Amino acid sequence: MIKAGITILDATSILKDQSTSKKMKIVLGEILDDLREGYPFSEAAAKHPKVFPTLFSNMLRAGEAGGQFDEILDRLALYYEKSHTTRQKVRSAMTYPLVLLAVSILVIVFMIGFIVPRFAGMFSSFGAELPWSTQLLLSLSSVVTSYWWMFILVITILMFSYQTSKKKYTVRYRIDSVILKIPVFGPLMKKAILARMTRTLSTLYESSVPVTQALEIVEKVVGNSVIEKLLREASVSVQEGNSIAKPFVGHWAVPPFVSQMMILGEKSGTLDFMLDKVADFYEQEVDQSAEQLKTLLEPM
């Protein structure tokens with residue numbers, strides 16, 4: 001609409017009227033009021049951080065300052081579309097095995113808790129010695145039916161402990177490190193995180209957002225403590241006059257391809273282009289890995 005010459009006020013008003021989300025309609029109404037009072041769109045959007053992330057308002061601010069408002073909106077649209085697609089592919093790949101696992105556990109618990117006990121009386125009436133495997137199954141069934149409440153209690157305690165300990169940085173860092181090292185799932189998660197990191201940094205850098213500020217924003221959206229730490233170190237490296245790629249070189253969580261492309265980008269003054277290409281590569285990798293994972297898990 002901005003490209004078509006419609007004013008920001010009219011464009012926001014049209015978006016508000018056509019929005020099917022009640023929450024978005026209210027937020028756009030408040031933004032419209034701020035625009036009428038003379039606030040720039042970026043400032044009005046920044047008042048609603050739960051709807052418009054820091055990345056969004058910071059890029060709009062850069063677009064307003066450089067007179068590239070419509071171009072920045074276009075980049076943001078492309079960025080969020082690609083990020084959403086990548087996230088959906090990872091979610092789809094993870095959901096399939098988790099649903100199968102959950103259903104399998106429920107079926108096994110149902111059989112052990114309800115079906116096997118019905119056979120226990122029949123087996124005991126035979127008066128013969130049962131095979132060890134059958135005895136083990138009957139013993140397991142007896143434990144499940146007698147102490148089912150203990151299993152629920154243990155699971156609840158473990159879940160509560162996990163949620164509480166995850167708030168501590170050191171614990172969260174270890175958990176995130178383990179996630180990246182898990183066979184099959186780890187590489188998929190790593191590719192998705194690297195795609196998100198490079199795509200976000202490229203979009204911010206291309207939009208003339210200062211490097212240190214861009215790194216801080218990326219740190220908030222990347223979603224992994226290991227990569228967050230590297231981004232903090234990269235920010236310090238830039239402030240000290242060193243390369244942005246320095247902390248990434250040789251790190252176990254970052255393939256040499258990523259750090260080498262960053263170094264080449266910095267030397268040639270095409271960092272945004274290089275990061276964009278890395279993001280394209282890893283988004284394709286996520287797509288292929290997700291399909292391979294589904295194909296592998298189906299027969300298993």
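On a predicted model such as this, the values are computed, not experimentally measured, just so you know.
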Asker: Quick one: does any side-chain atom of Thr270 pair with a main-chain N or O of Phe273 as donor and acceptor, under 3.5 Å?
Answerer: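 No, Thr270 side chain to Phe273 backbone: no donor-acceptor pair under 3.5 Å.
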Asker: For the residue pair Glu285 and Phe281, establish whether any side-chain heavy-atom pair is separated by less than 4.5 Å.
Answerer: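 They are in side-chain contact.
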Asker: What's the shortest heavy-atom distance between Tyr282 and Pro255, and which atoms?
Answerer: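 Heavy-atom minimum between the residues: OH-CG, 3.2 Å.
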Asker: Looking at Ser202 and Asp272, what are the two nearest heavy atoms and their distance?
Answerer: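 Nearest heavy atoms, Ser202 then Asp272: OG-O, 2.9 Å.
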Asker: Is the Phe56 ring parallel, tilted or perpendicular to the Tyr80 ring (thresholds 30°, 60°)?
Answerer: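 Tilted, since the angle between the ring planes falls between 30° and 60°.
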Asker: For Gly265 and Met274, which heavy atoms make the closest approach, and how far apart are they?
Answerer: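 For Gly265 versus Met274, the nearest heavy atoms are CA-CG, 3.6 Å.
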Asker: First locate atom CZ of Phe41, then atom CG of Leu35, and finally report the distance between them rounded to the nearest 0.5 Å.
Answerer: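 If we round to the nearest 0.5 Å, Phe41:CZ and Leu35:CG are 6.5 Å apart.
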Asker: For Phe114, does the CZ atom have more than 12 heavy-atom neighbours from other residues, nucleotides or ligands under 6.0 Å away?
Answerer: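 Not buried by this count: 12 neighbours or fewer within 6.0 Å.
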Asker: More than 12 non-hydrogen atoms from neighbouring residues, nucleotides or ligands closer than 6.0 Å to CZ on Arg174, yes or no?
Answerer: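 Count not over threshold, so no.
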Asker: Would you say Lys25 has more than 12 foreign heavy atoms packed within less than 6.0 Å of its NZ?
Answerer: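 Counting other residues, nucleotides and ligands, NZ of Lys25 exceeds 12 neighbours.
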Asker: Heavy-atom count around Trp132 CH2 within 6.0 Å, excluding the residue itself: above 12?
Answerer: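 It does not: Trp132 CH2 has 12 such atoms or fewer within range.
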Asker: Taking atom types as modelled, is there a side-chain donor on Lys191 or Ser289 under 3.5 Å from an acceptor on the other?
Answerer: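 On atom types as modelled, these side chains qualify, holding a pair under 3.5 Å.
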Asker: Out of curiosity, Leu194 CG to Ile227 CD1, how far, rounded to the nearest 0.5 Å?
Answerer: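 The distance works out to 5.5 Å.
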Asker: How close do Ile182 and Pro187 get, heavy atom to heavy atom, and via which atoms?
Answerer: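 Scanning both residues, the minimum pair turns out to be O-CD, 3.4 Å.
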Asker: Does the Lys NZ or Arg CZ of Lys47 fall within the cation-pi geometry relative to Tyr39 - under 6.0 Å from the ring centre and within 45° of the axis?
Answerer: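 Here Lys47 passes the 6.0 Å and 45° test against Tyr39.
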Asker: Quickly, which of Lys89, Arg199, Lys82, Arg196 forms a side chain to side chain donor-acceptor pair (under 3.5 Å) with Glu283? Name it, please.
Answerer: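 The residue from Lys89, Arg199, Lys82, Arg196 that satisfies side chain to side chain donor-acceptor pair (under 3.5 Å) with Glu283 turns out to be Arg199.
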Asker: Is the ring pair Tyr173/Tyr169 parallel, tilted or perpendicular, if the boundaries are 30 and 60 degrees?
Answerer: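 Ring orientation, 0 to 90° scale: tilted.
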